Protein chains: 2
Amino acid sequence: MMRPMSGAGTSAGQRLAGARGRIDKRRAILDAAFTVFAREGYAQAGVDVIAAEAGVAKATVYNHFGDKETLLRQTFAALADSALTQNLAAVERLADHGGELRAMLEDVGFHLLQCYCDDRSWAMRRLLSAEINQFPDLLDIVQGQVADRVTEALADRLARLALAGRLRTTDPLLAAEQFSALLSGPVDKRSRLGTRHVPDTELRTVASAAVHTFLKAFAAEPAEAT
Amino acid sequence: MMRPMSGAGTSAGQRLAGARGRIDKRRAILDAAFTVFAREGYAQAGVDVIAAEAGVAKATVYNHFGDKETLLRQTFAALADSALTQNLAAVERLADHGGELRAMLEDVGFHLLQCYCDDRSWAMRRLLSAEINQFPDLLDIVQGQVADRVTEALADRLARLALAGRLRTTDPLLAAEQFSALLSGPVDKRSRLGTRHVPDTELRTVASAAVHTFLKAFAAEPAEAT
DNA sequence: ATTATGTTGGACTGGCCAGTTCAGTTGTGC
DNA sequence: GCACAACTGAACTGGCCAGTCCAACATAAT
């Protein structure tokens, strides 16, 4: 029938065409797998359906991943990887370049919330919840490789702000945890487990409220009026 | 074989024995269903297995609930009902009887965390996450009937404290949301999606930290040193 | 006793799906 | 040109399970 991949591959670069085609298919399968897993659940998801979604034969899926279980793990690994990058980028906005502290915190909070509310992000958490009993090791991939590192990175930044005298805290890790909690907690209810899309303006409102409370607790100055 | 239910039923009250036996079986099935759903997931859970766990024939399950889907819904309804009762009981500990505010908040926080960390509570949330795509209405049962009401009740209590001049806030609902967030957020990471049991001492620590931050933001007095 | 209702175990149907196999195709490196 | 590796489509096996049906049994009310 149609064989778009190989055709497209050769048009781009002949020497890499074979490998490129293979790699592209791998990515296509991982993407399709996540889409279908997220939509139907791991057990419900048929490998045939994933293959169709990826535009690939079922045998090719088994060729790349061996069985459904490792396909799930690889899917999570790929996902966690991209989530980590995005979250760290958000945290890195928190630097001590003399700007106004409140605005900076709100900015970081907003971008963290955007990561948190991303469709794929919600789908991943739901899938993890669903399969945690059958595959406890998935939790290590997600929490150990992503959530913990992000919190740690955030704690680092807060510690430097405390050292610079702009925040007051003896436990930056606790501050980071509570900052995250103030962000994600209120948004949890509003997004109905990721079912409802939360618009950016609402995210900014939540971020602003979170920072307001956070600064009352941790600001170096006695906290100005609101 | 064995027929323990009817025997136990008649020993209690002859007239109700039939009905009682039936009701007991209904409860047994609901309990078993939740156990198995939680352990294996909705799709994976065999109705035969649930029946066996309940000590009942498979046909009896269909007799009571018609099909697997309504069994799931009834299971959630029963669960949400009991969760609501427990949570409201925890919130009601927050009354304005002149006691020390901080201690009272820590007490409420601790008991809310106990509800939140209960095994069945975690299992319910995981199951909900897993099946939200196929059964979006389950969310209304859980969030609409439980979470929202609890937050509302908490907001009521906080409003009365504010009115009595013991807290300072113009938005008790926001305060309630942030209080909940400061409690559940830090515990989320520690409990590994309910996989790990969090000991009471740790819950007290988290509650104490949450109240500490909360009071810095919302206490009527400028906040004493810690 | 009889009737009605609920329960039981077991057998049975129809459908779904992971994973395999295979014969045939395509593009690449040499 | 040839050999090689990946890919394809399709058929096939074996296992699992929701939901139904049935003949026999228990219990309560009349």
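Model, not experiment: these values are computed from the prediction. By convention in this document, chain letters (A, B, ...) are assigned in the order of the sequence lines, proteins followed by strands, and residues within each chain are numbered from 1.
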Between protein and nucleic acid, restricted to nucleotides 13-15 of chain C and to nitrogen or oxygen atoms under 3.5 Å apart, what atom pairs and distances do you find?
none

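- Identified under the side-chain hydrogen bond (donor to acceptor under 3.5 Å, both in side chains) test for residues 84-96 of chain B, with sequence neighbours left out: B/Arg93-B/Asp107, B/Arg93-B/His111, B/Asp96-B/Arg166.
- For the pair A/Asp200 and A/Gln114, the minimum side-chain heavy-atom distance is below 4.5 Å.
- Between B/Ala176 and B/Thr151, the shortest heavy-atom contact is CB-O, 3.8 Å.
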Distance-only donor-acceptor pairs under 3.5 Å for side chains of residues 203-210 of chain A, two or more places apart:
from	atom 1	to	atom 2	distance (Å)
A/Thr205	OG1	A/Thr201	O	3.0

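- Residues from residues 35-48 of chain A that place a heavy atom under 4.0 Å from any atom of DNA chain C, listed by number: A/Gln44, A/Ala45, A/Gly46, A/Val47, A/Asp48.
- The aromatic ring centres of A/Phe76 and A/Phe135 sit 6.0 Å or more apart.
- Counting only distance, with no hydrogens or angles, the side chain of B/Thr75 and the backbone of B/Phe34 share no donor-acceptor pair below 3.5 Å.
- Residue A/Lys25 has no polar side-chain atom (N or O) positioned under 4.0 Å from OP1 or OP2 of D/dA5.
- Looking at B/Asp140 and A/Arg192, a side-chain N of the basic residue comes within less than 4.0 Å of a carboxylate O on the acidic one, giving a salt bridge.
- Looking at heavy atoms from C-beta onward, B/Phe37 lies in side-chain contact with B/Ile50 at the 4.5 angstrom threshold.
- By the 4.0 Å N-to-carboxylate-O rule, B/Glu177 lies too far from A/Lys189 to be salt-bridged with it.
- Put simply, the side chain of A/Arg126 gets close to the backbone of A/Leu193: a donor and an acceptor are under 3.5 Å apart.
- At whole-Å resolution of the value, CG in A/Asp24 and C1' in D/dA6 are 14 Å apart.
- Ionic pairing of B/Arg27 and B/Asp31 is present here: one or more N-O contacts between side-chain nitrogen and carboxylate oxygen are shorter than 4.0 angstrom.
- Less than 4.0 Å separates DNA chain D from at least one heavy atom of each of the following residues of residues 56-73 of chain B: B/Lys58, B/Tyr62, B/Asp67, B/Lys68.
- Overall bending of the helix from C/dA1-D/dT30 to C/dC30-D/dG1, expressed as the angle between end axes built from five pairs apiece, is 10° (10° steps).
- Of the possible donor and acceptor atoms, none in the side chain of B/Gln143 sits under 3.5 Å from a partner among the backbone N and O of B/Leu138.
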Checking side-chain contact (heavy atoms from CB on, under 4.5 Å) for the pair B/Val198/B/Leu113: CA distance, chi angles, key distance, verdict? CA-CA 10 Å; B/Val198 184; B/Leu113 280 183; over 6 Å; no

